[in-house]
Undergrad: 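Sharing a structure with you now.
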Amino acid sequence: MYDPNNVFARILRGEIPCKKVAEDEHTLAFHDINPQAPVHVLVIPKGAYLSWDDFSARATDAEQAALTRMVGRVAREAGLAETGYRVLANTGRDGHQDVPHLHLHVLGGRPLGPMLQRPRD
Ligand code: 5GP
């Protein structure tokens with residue numbers, strides 16, 4: 001069940017501030033509050049989608065295209081197209097998703113290392 005009081009829903013309603021990077025009809029991009037790289041932008045759909053699983057199943061083609069294009073735009077405008085970057089969507093329990101509104105992390109600005117670290121014992 002989608003929780004309309006999650007922090008990103010509150011950002012979308014303007015109840016919590018964010019440092020906006022870009023916006024269009026279907027998406028909002030803003031800086032992560034706790035950046036893990038020199039560039040760390042979150043791209044979210046404006047619709048009430050819990051996760052990648054939910055979004056990929058239910059979102060309209062226009063919403064899905066807008067999200068994809070916004071990720072590319074954000075990365076290009078941040079100067080990452082040449083040096084490279086990482087896009088990731090933590091999904092559900094095993095994916096360690098903390099905020100229950102779909103968000104794509106766009107990370108770059110330094111070498112990011114291997115994709116996954118071994119879990120600590
Ligand atoms: P997750 O672990 O769900 O993939 O990532 C959630 C992300 O949201 C984290 O990187 C965290 O720093 C970011 N975050 C959590 N609360 C806020 C907030 O209020 N504002 C912004 N800009 N980012 C947030």
Side-chain angles (χ1 to χ4, degrees):
M1 278 281 277
Y2 182 81
D3 170 12
N5 286 319
N6 76 75
V7 68
F8 293 165
R10 298 186 67 200
I11 284 175
L12 284 167
R13 289 196 297 269
E15 295 168 7
I16 294 177
C18 73
K19 284 192 187 168
K20 186 163 87 173
V21 172
E23 182 174 13
D24 67 15
E25 182 186 353
H26 296 298
T27 65
L28 176 68
F30 53 96
H31 292 285
D32 194 290
I33 204 167
N34 183 23
Q36 304 297 310
V39 176
H40 187 172
V41 174
L42 301 173
V43 181
I44 68 173
K46 291 184 175 176
Y49 297 104
L50 186 57
S51 66
W52 184 263
D53 182 61
D54 186 24
F55 184 77
S56 60
R58 288 199 305 114
T60 65
D61 289 355
E63 289 174 310
Q64 301 208 27
L67 196 77
T68 301
R69 289 197 183 281
M70 183 61 82
V71 167
R73 173 181 159 189
V74 161
R76 278 190 299 278
E77 290 182 0
L80 301 180
E82 200 147 309
T83 49
Y85 57 97
R86 181 170 294 155
V87 180
L88 73 94
N90 295 321
T91 304
R93 187 193 58 212
D94 284 359
H96 210 291
Q97 180 177 358
D98 286 327
V99 178
H101 180 112
L102 171 62
H103 47 286
L104 298 182
H105 297 257
V106 180
L107 297 144
R110 66 166 169 80
L112 295 168
M115 190 170 70
L116 295 174
Q117 293 187 332
R118 288 173 188 275
R120 294 198 184 93
D121 294 328

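As the structure lists them, so they are numbered: ligands from 1, and atoms in each ligand from 1.
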Undergrad: Under a 3.5 Å cutoff, is there a donor and acceptor pairing between the side chains of H40 and H105?
TA: yes
Undergrad: What atoms of ligand 1 come closer than 4.0 angstrom to any heavy atom of I11?
TA: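 Near I11, meaning under 4.0 Å from one of its heavy atoms, ligand 1 has 20 (N).
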Undergrad: More than 12 heavy atoms of other residues, nucleotides or ligands under 6.0 Å from CG of D61: is that the case?
TA: no
Undergrad: Look at atom 6 (C) of ligand 1 and say which protein heavy atom is nearest, naming residue and atom and giving the distance to 0.1 Å.
TA: H103 NE2, 3.5 Å
Undergrad: Any non-hydrogen atom of Q36 lying under 4.0 Å from ligand 1?
TA: no
Undergrad: Of all the atoms in ligand 1, which lie at a distance below 4.0 Å from a heavy atom belonging to V99?
TA: 3 (O), 6 (C)
Undergrad: Quick one: does ligand 1 sit under 4.0 Å from the side chain of H31, the backbone, both or neither, non-hydrogen atoms only?
TA: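 The answer is the backbone.
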Undergrad: Ring centres under 6.0 Å, that's the criterion: do H101 and Y49 meet it?
TA: no
Undergrad: Over all heavy atoms of both residues, which pair between A66 and D24 is shortest? Give the atoms and the distance, please.
TA: CB-OD2, 4.0 Å
Undergrad: Is it true that E23 and K46 have a side-chain N and a carboxylate O under 4.0 angstrom from each other?
TA: yes
Undergrad: For ligand 1, indicate whether the residue I33 contacts it via side chain, backbone, both or neither (heavy-atom separation under 4.0 Å).
TA: both
Undergrad: Can you name the nearest heavy-atom pair linking F30 to C18, along with the distance?
TA: CB-SG, 3.8 Å
Undergrad: Answer with yes or no whether L88 contacts ligand 1, where contact means a heavy atom under 4.0 Å from a ligand atom.
TA: no
Undergrad: For ligand 1, which atoms sit closer than 4.0 Å to a heavy atom of N90?
TA: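 Near N90, meaning under 4.0 Å from one of its heavy atoms, ligand 1 has 1 (P), 2 (O), 4 (O).
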Undergrad: Stepwise, does the side chain to side chain contact (heavy atoms under 4.5 Å, CB included) test hold for M70 with T68?
TA: CA-CA 5 Å; M70 183 61 82; T68 301; over 6 Å; no
Undergrad: Report the member of L104, L102, D98, V41 with the shortest heavy-atom distance to atom 3 (O) of ligand 1.
TA: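 Nearest heavy atom to atom 3 (O) of ligand 1 lies in D98.
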Undergrad: Going by distance alone, is a donor N or O of one side chain under 3.5 Å from an acceptor N or O of the other, for D54 and S51?
TA: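 No, no side-chain donor-acceptor pair sits under 3.5 Å.
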Undergrad: Please indicate whether R69 has more than 12 foreign heavy atoms, meaning atoms of other residues, nucleotides or ligands, lying under 6.0 Å from its CZ.
TA: no
Undergrad: If only atom types and distance count, is the side chain of E15 paired as donor or acceptor with the main-chain N or O of R10 below 3.5 Å?
TA: no
Undergrad: Strictly under 4.0 Å, does any heavy atom of K19 approach an atom of ligand 1?
TA: no
Undergrad: Taking 4.0 angstrom as the limit and counting only heavy atoms of H105, give me the atoms of ligand 1 inside it, by number and element.
TA: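 Listed by number with element, the hits are 1 (P), 4 (O), 5 (O), 7 (C), 10 (O).
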Undergrad: Where is the nearest protein heavy atom to atom 8 (O) of ligand 1: which residue, which atom, and how far?
TA: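 Among all protein heavy atoms, the one nearest atom 8 (O) of ligand 1 is F8 CZ, 3.4 Å.
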Undergrad: Atom 12 (O) of ligand 1: which protein heavy atom is closest, and how many Å away?
TA: D32 OD1, 2.5 Å
Undergrad: Going by the order shown, which atoms of ligand 1 are within less than 4.0 Å of some heavy atom of H96?
TA: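 Numbered from 1, ligand 1 contributes 2 (O).
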Undergrad: Which residue and non-hydrogen atom of the protein lie closest to atom 16 (N) of ligand 1, and at what distance in Å?
TA: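 Result for atom 16 (N) of ligand 1: V7 CG1, 4.0 Å.
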Undergrad: N34 heavy atoms, cut-off 4.0 Å: which ligand 1 atoms fall inside?
TA: 12 (O)
